[in-house]
2 protein chains.
Amino acid sequence: MFSKACEYGIRASIFIAEQSLIDRKVSLKDVAEAIDSPAAYTSKILQKLSRNNIINSDKGPTGGFSMGKKELEKVKLGSIVFAIDGESIYNGCGLGLKKCNEKMPCPVHNQFKMIRDQLKKMLETTTVLSLAVDYEKGFSFLKR
Amino acid sequence: MFSKACEYGIRASIFIAEQSLIDRKVSLKDVAEAIDSPAAYTSKILQKLSRNNIINSDKGPTGGFSMGKKELEKVKLGSIVFAIDGESIYNGCGLGLKKCNEKMPCPVHNQFKMIRDQLKKMLETTTVLSLAVDYEKGFSFLKR
DNA sequence: CAAATAGTGGACAATTTTATCCAATATAAA
DNA sequence: TTTATATTGGATAAAATTGTCCACTATTTG
């Protein structure tokens, strides 16, 4: 469904959000350990999230990754997916056709539209904050 | 959502089904042209579908690919997806966790479950035959 | 200012997926 | 039985994704 990079990105964001809730910056190493991901690769993904203003990154000692209160309230799952995987989830044809639309639909156009619309709605309404709160309470997990 | 191989597989199946409706066997070349896919790669995919009894393949002159009446009525989209992409669509965790279930859910487990269940239902109820009929009527397209 | 720390950016490597080529096999028809 | 045709299977190759390494920059602290 999503690329591995995107999966890491979502997991990392939730961890960073949860730590930001208790006013903690986290290092790349912290993130990689928390979500059980390859550190160097995760670094690339965090850079992308940072450039997209989804997370903050600070250099130097006492540096690290974090999310501000505003970001915490604003950032939805969809923003992360879009930043990493682009709009393919929204626009792409289920059968890989370049031009697939109402006028010239692929054979499963309508069937997929239903599901895609649900997914879209879910991504656009689910906040990282809400996921971070659940995670903080021990209701969900980020590795294994 | 699906691998490219799976997209080709679905498109190929629909074309073969539609031609079988008018009692025509089609060659690899026919298929590749009809769905605008690389022939040699498509060949590998058709082999897989054939081994999974989703389509028939006959060698030699007058050979080619086809679907029998029974297959036409029986084969669902899900069979094709399963034959090519395996069960990842059904079982895989949305965030890539190995062990993600009700007891130890990833942070988006429930949100994804909703959508995955819908997708599953759609794949298990949509017959290739119905898609082939629409395609035959010119209601849908397999290339571009 | 020097030293230590933490993210950045670029090059590179491994793996997976997608795609190609060709000899071998099977089969129908002449 | 020979020939032509069409799929099969194996070996490779190309492309995309995933993953690693390291020197560089920015920044805090002593």
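Per chain, numbering begins at 1; letters A, B, ... match sequence-line order. Because only heavy atoms are used, hydrogens play no part in the values below, and waters and symmetry mates are left out as well, while side chains stay in.
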Near DNA chain C, counting only heavy atoms under 4.0 Å, which residues of residues 90-99 of chain B show up? none

Set out, line by line, the N/O atom pairs under 3.5 Å between protein and nucleotides 26-29 of chain D.
{"from": "D:dA26", "atom 1": "O4'", "to": "A:K59", "atom 2": "NZ", "distance (Å)": "3.4"}

Nearest-Å distance for atom pair [atom1]/[atom2], residues [X] and [N]:
X     : N      : atom1 : atom2 : result
B:K48 : D:dG9  : NZ    : P     : 13 Å
A:N56 : C:dA6  : CG    : P     : 17 Å
A:L46 : D:dG19 : CG    : P     : 14 Å

B:V31 and side-chain contact (heavy atoms from CB on, under 4.5 Å): which partner among B:I55, B:I16, B:L142? B:I16

Quick one: is C:dG7 close enough that its OP1 or OP2 comes under 4.0 Å of any side-chain N or O from A:S50?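 For A:S50, the contact criterion (side-chain N or O under 4.0 Å from OP1 or OP2 of C:dG7) is not met.
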
Check nucleotides 9-13 of chain C for protein N or O atoms closer than 3.5 Å to its own N or O atoms and list the pairs.
{"from": "C:dG9", "atom 1": "OP2", "to": "A:Q47", "atom 2": "OE1", "distance (Å)": "3.2"}
{"from": "C:dG9", "atom 1": "OP2", "to": "A:R51", "atom 2": "NH2", "distance (Å)": "3.4"}
{"from": "C:dG9", "atom 1": "N7", "to": "A:K44", "atom 2": "NZ", "distance (Å)": "3.2"}
{"from": "C:dG10", "atom 1": "N7", "to": "A:K44", "atom 2": "NZ", "distance (Å)": "3.3"}
{"from": "C:dG10", "atom 1": "O6", "to": "A:K44", "atom 2": "NZ", "distance (Å)": "2.6"}

Residues touching DNA chain D, which here means a heavy atom under 4.0 Å, drawn from residues 17-28 of chain B: B:V26, B:S27, B:L28

Could you give all pairs that pass the salt bridge (charged side-chain N to carboxylate O under 4.0 Å, His left out) test and reach residues 3-27 of chain B, with sequence neighbours left out? B:K4-B:E7, B:K25-B:D58

Where the side chain of A:N52 meets the backbone of A:K48, is there a donor-acceptor pair that is under 3.5 Å apart?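 Here the side-chain-to-backbone pair exists.
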
Looking only at non-hydrogen atoms, find the nearest pair between B:A17 and B:L72 and report the distance.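 Looking at all heavy atoms of both residues, the closest pair is CB-CD2, 3.5 Å.
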
Distances under 3.5 Å between protein N/O atoms and the N/O atoms of nucleotides 15-18 of chain C, please, pair by pair.
{"from": "C:dT18", "atom 1": "OP1", "to": "B:K4", "atom 2": "N", "distance (Å)": "2.9"}
{"from": "C:dT18", "atom 1": "OP2", "to": "B:Y41", "atom 2": "OH", "distance (Å)": "3.4"}

